Amino acid sequence: MTNFNGFPANMQFTPVPNLFMNMLMPEMESHELKCMLYIFQTLYTKKGSPRYVSLSELMSNASLISSMQNANEAASKVLLDSLTVAVKRGMIVHVEVTKEDCDEHLYFLNTQENRQAVEHIHNGKLKLPNIEAIKPVFLPAEQKDIFSIYEENIGLLTPMVAEELKDALMQYSEEWIRDAIREAVYANKRNWRYISRILERWLSEGKKNGTNRQNISQEDPDKYIRGSYGHLIQR
């Protein structure tokens, strides 16, 4: 362990998106997290648009490669595996290109602007110096987060409801919460208490056929308010 004497008064900082800190980082493994932090640092030092980091840049970063050390695998493979996971998770967009007669891999932060830029690189509308896209680009599907889905379908996302949703994500899968919101909309019971009762029922009784929408046309929408917590649920 390095003996660290503390941070100096004047030092440089690397900005990291709050969404990354609050939503993505808790689910990440150590090497993937280190990889993304170095990508943020590298992108922040660049100017112009679009900004990207190449695999060769990452491979030549001694600090990053040192942090990728693994007793069973080479650091370069650990880095490549971490980048692959980050692409699958949707944090970065990957393009394989030819640069100066050699294969190269470019990584863009997954933003709407960068997704458009990558698409333009692929179809020839955007040219990068000494770079030509050589393989199809598969952009991750843009998927709304559970907080946006709640606000669009149920109502205003208050701080209290946001905390309830965060707690629910620790106990239930996002798919379950999406389906529970869908059930609440169908029953015209647009409030969080009704949604939470659906989730509690699925947890205790099981969620059938992936969505638990079996015979939903015959389902009584008031059954969630007749239990012991019925007085807490608004119509």
Side-chain angles (χ1 to χ4, degrees), residues 14-40 67 70 78 81-93 109-112 139-214 216 219 221-235:
T14 298
V16 177
N18 288 340
L19 192 60
F20 173 83
M21 298 289 292
N22 297 328
M23 183 175 180
L24 297 168
M25 190 176 70
E27 300 178 357
M28 297 169 66
E29 298 293 337
S30 173
H31 288 118
E32 183 191 2
L33 174 58
K34 292 175 183 178
C35 177
M36 283 304 303
L37 290 176
Y38 276 97
I39 288 176
F40 284 127
S67 73
N70 185 302
V78 175
D81 289 345
S82 299
L83 288 166
T84 299
V85 173
V87 170
K88 289 181 178 179
R89 197 185 293 277
M91 294 186 291
I92 52 178
V93 179
L109 199 63
N110 183 14
T111 65
Q112 182 177 358
L139 299 179
E142 190 170 8
Q143 189 175 46
K144 293 180 180 178
D145 61 68
I146 202 69
F147 303 98
S148 299
I149 292 172
Y150 180 93
E151 197 153 41
E152 288 180 4
N153 292 278
I154 304 300
L156 180 65
L157 186 68
T158 65
M160 183 176 295
V161 171
E163 286 300 319
E164 295 277 8
L165 276 170
K166 287 180 183 178
D167 291 342
L169 284 167
M170 299 293 290
Q171 186 173 11
Y172 311 103
S173 70
E174 187 167 320
E175 180 185 359
W176 275 33
I177 300 175
R178 289 172 186 268
D179 288 346
I181 290 174
R182 191 178 295 113
E183 295 277 4
V185 170
Y186 179 86
N188 198 26
K189 307 291 183 181
R190 298 171 188 260
N191 60 78
W192 171 248
R193 288 191 179 117
Y194 189 83
I195 295 168
S196 66
R197 292 295 294 153
I198 295 174
L199 292 168
E200 289 171 11
R201 179 170 64 86
W202 287 348
L203 186 63
S204 63
E205 299 177 7
K207 183 171 180 288
K208 301 175 183 178
N209 299 327
T211 60
N212 206 34
R213 295 183 63 83
Q214 190 175 14
I216 191 167
E219 191 171 55
D222 286 335
K223 69 180 180 181
Y224 296 107
I225 64 174
R226 286 202 283 264
S228 58
Y229 295 96
H231 66 288
L232 298 176
I233 302 176
Q234 300 177 357
R235 291 181 171 273

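This structure is a prediction, so every number in the text was calculated from the model and none was measured.
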For Asn110 and Gly90, indicate whether the former's side chain and the latter's backbone hold a donor-acceptor pair under 3.5 Å. yes
Phe40 side chain near Phe20 side chain, heavy-atom distance below 4.5 Å: yes
Would you sort out whether Ile195 and Tyr150 count as a side chain to side chain contact (heavy atoms under 4.5 Å, CB included), showing the intermediate values? CA-CA 10 Å; Ile195 295 168; Tyr150 180 93; 4.0 Å; yes
Any chance you could measure Asp145, atom CG, to Leu165, atom CG, to the nearest 0.5 Å? 9.5 Å
Would you tabulate the side-chain donor-acceptor contacts of residues 30-39 under 3.5 Å, counting partners in other chains and residues two or more places apart, or write 'none'?
from, atom 1, to, atom 2, distance (Å)
Glu32, OE1, Arg89, NH2, 2.9
Glu32, OE2, Arg89, NE, 2.8
Lys34, NZ, Ser67, O, 3.4

Steps toward side chain to side chain contact (heavy atoms under 4.5 Å, CB included) verdict (Ile177, Leu169): CA-CA 8 Å; Ile177 300 175; Leu169 284 167; 3.6 Å; yes
I'd like to know whether Met160 forms a side chain to side chain contact (heavy atoms under 4.5 Å, CB included) with Trp192, so could you lay out the CA-CA distance, the side-chain angles of the two residues, the decisive distance to 0.1 Å, and finally the verdict. CA-CA 10 Å; Met160 183 176 295; Trp192 171 248; over 6 Å; no
Pairwise side-chain contact, Gln171 with Leu203, heavy-atom cut-off 4.5 Å (strictly under): yes
In this structure, CE of Met21 is separated from CG of Asn18 (nearest 0.5 Å) by 8.0 Å
Can you list the steps and then say if Ile149 with Asn153 is a side chain to side chain contact (heavy atoms under 4.5 Å, CB included)? CA-CA 6 Å; Ile149 292 172; Asn153 292 278; 3.7 Å; yes
Out of curiosity, Leu19 CG to Phe147 CZ, how far, rounded to the nearest 0.5 Å? 9.5 Å
Residues Glu175, Arg178: salt bridge by 4.0 Å N-O rule: no
For the student: nearest non-hydrogen atoms of Ala184 and Ile198, plus distance: N-CD1, 4.1 Å
Would you give the length of the straight line joining atom CD of Glu29 to atom CG of Asp81, rounded to the nearest 0.5 angstrom? 12.5 Å
Gap between atom CG of Asp179 and atom CD of Glu174 - 0.5 Å precision: 11.0 Å
Once you round to the nearest 0.5 Å, how far does CD1 of Ile181 lie from CZ of Arg190? 11.0 Å
Donor-acceptor pair, Glu151 side chain versus Leu156 backbone, under 3.5 Å? no
